[in-house]
Amino acid sequence: MIDTSKKYLITSALPYANGPLHLGHLAGAYLPADIYVRYLRLQGRDVVWVCGSDEHGAAITIRAKKEGISPKEIIDKYHELNKSSFQRLGISFDYYHRTSAPLHHQTSQDFFLKLYEKGDEFDEKTIEQYYDPKFDQFLADRYITGTCPKCGYEEAYGDQCENCGSDLSPIELINPKSTLSGETPILKETKHWYFKLDKHEAWLREWIAEGKLDGQQHHDPKDWKKHVIGQCLSWLDTGLQARSITRDLSWGIPVPLKEAQGKVLYVWFDAPIGYISATKQWAIENDQDWEAYWKGDDVNLIHFIGKDNIVFHCIVFPSMLRAHGEYALPVNVPANQFLNFEGQKFSKSRGWGIEQHVYLDEFANFPNKEDALRYTLIRNLPENKDSDFKWDDFVDFHDKELADNLGNFVNRVVVLTNKYYDGKVPNAEVVLKEDHPRVIELVAEIERELERFSFKSAAQLVMELSSYGNSYLQEVSPWKIWKTDPESEQVAVCMNACLQIVTILSVLVEPFIPFTAPKIRALLNLDELQRGSLAGLLEQLDKAIPVIEAGHQIGEPSLLFAKIHDRKDGSRLEIIDRQKKILQDILDHEQKSDHVALKDNIEFDDFTKLDLRTGTIIEAEKVPKTKKLLKLKVDIGLEQRTVVSGIAEYFKAEEVVGQKVVLVANLAPKKLRGIMSQGMILMAENEKGELGFVSPDKNWGNGFVVK
RNA sequence: GGCGUGGUAGCUCAGCUGGUUAGAGCGCAGCAUUCAUAAUGCUGAGGUCGAGAGUUCAAGUCUCUCCCACGCUACCA
């Protein structure tokens with residue numbers, strides 16, 4: 001368990017400022033953190049939550065170049081967009097900073113220098129890298145495009161091919177071109193600095209597997225999620241390697257060394273330091289001491305991230321902090337898995353999924369759109385495995401849980417109190433601890449689940465509390481008693497207890513649905529919630545003090561949630577139906593035109609460079625320890641060629657023997673898995689990625705030219 | 001192929017260190033009820049806990065093998 005007497009420094013992954021965030025991001029690193037932080041505040045704990053835009057890196061400069069604007073314009077645009085979307089959804093960061101801020105540059109450079117001066121944290125290496133003579137600068141991986149050596153896609157980047165998804169090194173690209181000048185770059189020597197991550201392996205293993213640091217218990221590894229520890233240990237087992245932390249680029253934080261002119265810190269090095277600089281900026285604006293939240297034993301550092309960031313926040317950044325020496329390490333990294341959208345991955349290019357700001361606009365006329373979304377996401381959080389966002393779930397959770405269960409219970413109580421007691425809390429002897437032990441138990445369970453980052457289950461328990469109220473109300477049925485005896489003690493006791501339960505709900509609900517909580521407070525005519533409200537409530541419960549005073553005048557009834565399925569008003573259902581239709585249209589469209597876009601025209605001369613030959617597969621065997629590779633021997637008349645082909649997922653070795661094929665006979669040989677492949681077999685690929693042979697008629701012999 | 005995480009009622013999922021008849025919500029069937037947003041409450045049907053083997057007095061929970069899904073990684077000339 002986390003030591004609750006300490007300070008909390010909470011971080012959420014810095015969003016990259018070159019695009020808007022979608023609901024998957026929200027559910028991964030921001031909404032869970034928001035629930036946790038709001039809970040801590042209600043408990044009166046000392047907590048600071050920071051986040052901000054990650055604004056460096058080559059992707060931003062490339063995007064700027066494509067759009068013909070400056071990188072600054074890009075980051076300003078998305079910094080503002082993301083910041084405001086978060087704010088509109090009630091994501092309550094204490095500070096949302098940005099890494100382009102001078103304070104961050106200074107902080108990162110100081111951090112770099114500190115490690116540099118330690119002497120044994122960095123390596124310096126001189127390597128060969130592509131250089132654009134015309135622009136007189138070295139080219140970052142992303143500044144080089146060329147033909148992907150794996151799939152033949154002509155617009156692959158130096159670090160990755162977006163067509164086949166392979167990770168590449170710029171040197172592998174065929175016909176590399178500089179995106180700056182369009183010309184072929186040359187290889188030239190350049191010097192870079194490397195962070196010696198491998199050096200930190202031993203203590204990292206002990207820290208992650210056992211939670212021990214220098215022999216002392218730092219945290220309990222049982223509190224960490226299984227998949228987090230699993231993935232980290234898997235990385236440690238494969239062995240860590242020094243990571244390059246500098247780049248030849250002009251956009252970024254200059255490396256603070258004389259000999260590093262024109263170089264910047266690699267974005268992954270400066271980004272996590274953004275958590276520190278954000279805290280500094282927060283401290284300046286709030287007259288606080290930032291170091292109290294980062295240094296010493298008095299700190300709980302917790303990173304909220306998606307699973308793609310696990311290694312980074314559990315291995316790389318902790319190593320940086322440890323190397324620096326003054327900082328505390330995270331006590332937990334409650335990484336979430338991924339959220340899918342209606343059964344499929346979010347995909348910007350397909351338009352699959354919905355971005356935060358788009359949701360807010362599309363649902364502009366939907367009351368409680370913020371809490372409706374938050375609640376659906378919470379009940380579907382990918383806490384331990386990937387989960388799925390569905391519009392049908394959205395409707396169900398909203399109508400069944402928020403409206404029918406919670407909203408209706410609150411409404412019943414407020415209506416009855418107004419009807420029977422003119423809106424005054426009836427005087428009655430009710431001690432929740434004794435009369436309703438289940439309520440106290442539920443409150444404790446909710447607390448416990450929140451402390452251990454089980455937000456989905458905590459939200460369910462909140463609903464159970466409301467269910468308990470409904471159940472109790474039904475059991476007593478004050479409306480029956482009241483008909484014959486309006487002065488009944490029983491009715492007063494029941495209503496007093498229900499009002500206390502609603503009061504508890506008005507507090508407990510806040511971390512999850514912060515837009516609704518104040519509405520419940522208003523219905524009860526109670527003060528707004530503030531830091532420590534929950535702690536105060538818990539104390540009252542413990543001391544058997546009523547949480548809402550007898551005689552207190554509550555407000556007039558009004559509905560908290562307008563249901564989506566409403567016989568009189570179909571407007572909300574229309575909004576949902578519109579969203580479903582958008583998705584259906586995407587699917588329909590893809591079905592109709594499920595074809596890859598045509599490539600650019602080429603000259604006839606280019607075509608004639610290809611030497612295509614008919615042939616027959618005469619031998620085939622699976623390449624051991626691969627999933628897709630077959631080693632084939634192809635007869636092309638004059639000679640026999642050995643070809644390695646990635647078709648094993650669709651064809652067994654024995655079935656392809658005798659198959660007529662067309663071979664690209666003059667493709668440069670390439671070694672694959674130690675086998676020299678002398679050519680490429682032409683295959684057709686359909687929309688599902690299934691392969692089929694392109695073959696000449698059976699009567700054709702081997703070695704004839706295809707043109 | 002290597003590694004990681006999952007595979008529990010029709011659907012979405014809980015089941016923490018192994019221990020009585022395996023749980024919740026939704027859906028379904030029936031009953032009760034009207035204070036309330038055609039809301040609520042109660043009852044019930046429904047699972048050989050992916051498959052097989054093992055350890056144990058006792059396994060959804062530990063071990064091994066296999067199958068399936070997802071992710072990372074290698075490999076698709």
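Letters go in sequence order (proteins before strands), and every chain restarts at 1.
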_Nucleotide of B:U12, B:C35, B:G41 approaching A:Arg412 most closely (side-chain heavy atoms)_ = B:C35
_What's the gap between B:G60 and B:C28 when it is taken at their C1' atoms, as a whole Å value?_
26 Å
_Return the OG1 to CG distance between A:Thr417 and A:Asp422, rounded to the nearest 0.5 Å._
11.0 Å
*Please determine, by modelled atom types, if A:Lys225 and A:Asn332 share a side-chain donor-acceptor pair under 3.5 angstrom.*
no
_My validator wants the stems of RNA chain B: runs of 3 or more consecutive Watson-Crick or G-U pairs, both distances under 3.5 Å, written as range with range._
B:1-7 with B:67-73, B:10-13 with B:23-26, B:28-32 with B:40-44, B:50-54 with B:62-66
_Pairwise side-chain contact, A:Ile636 with A:Arg641, heavy-atom cut-off 4.5 Å (strictly under)_ = yes
*Using the P atom on both, measure B:G2 against B:G10 and round to a whole Å.*
33 Å
Mind listing the N/O atom pairs, protein and nucleotides 67-70 of chain B, below 3.5 Å?
from  : atom 1 : to       : atom 2 : distance (Å)
B:C70 : O2'    : A:Asp386 : OD2    : 3.0

*How is A:Ser471 classified with respect to the nucleic acid when contacts are heavy atoms under 4.0 Å: base, sugar-phosphate, or nothing?*
sugar-phosphate
*Taking atom P in both B:A29 and B:A22, compute the distance separating them and give it to the nearest angstrom.*
26 Å
*Kindly point out which of B:G25, B:C13, B:U37 is positioned nearest to the side chain of A:Asn408?*
B:U37
*Answer with base, sugar-phosphate or nothing: what part of the nucleic acid does A:Phe409 contact at a heavy-atom distance below 4.0 Å?*
nothing
*Just by protein heavy atoms under 4.0 Å, how would nucleotides 27-34 of chain B read 5' to 3' in B, S and -?*
S-----SS
*Distance, C1' atom - from B:U17 to B:U61, rounded to whole angstrom*: 10 Å
*Would you confirm whether A:Asp386, through its side chain, and A:Phe338, through its main-chain N or O, come within 3.5 Å as a donor-acceptor pair?*
yes
*No-hydrogen, no-angle side-chain donor-acceptor test under 3.5 Å, A:Asn365 and A:Arg572*: no
*A:Trp207 vs A:His219 aromatic rings, parallel, tilted or perpendicular, using cut-offs 30° and 60°?*
perpendicular
*Can you check the A:Tyr468 OH to B:U40 C1' distance for me, whole Å?*
16 Å
*Between A:Thr376 and A:Asp393, does any side-chain donor sit less than 3.5 Å from a side-chain acceptor?*
no
*What nucleotide among B:U12, B:A36, B:C35 has an atom nearest to a side-chain atom of A:Asn380?*
B:U12
_Under a 4.0 Å threshold between the charged nitrogen and the carboxylate oxygen, would A:Asp611 count as salt-bridged to A:Arg613?_
yes
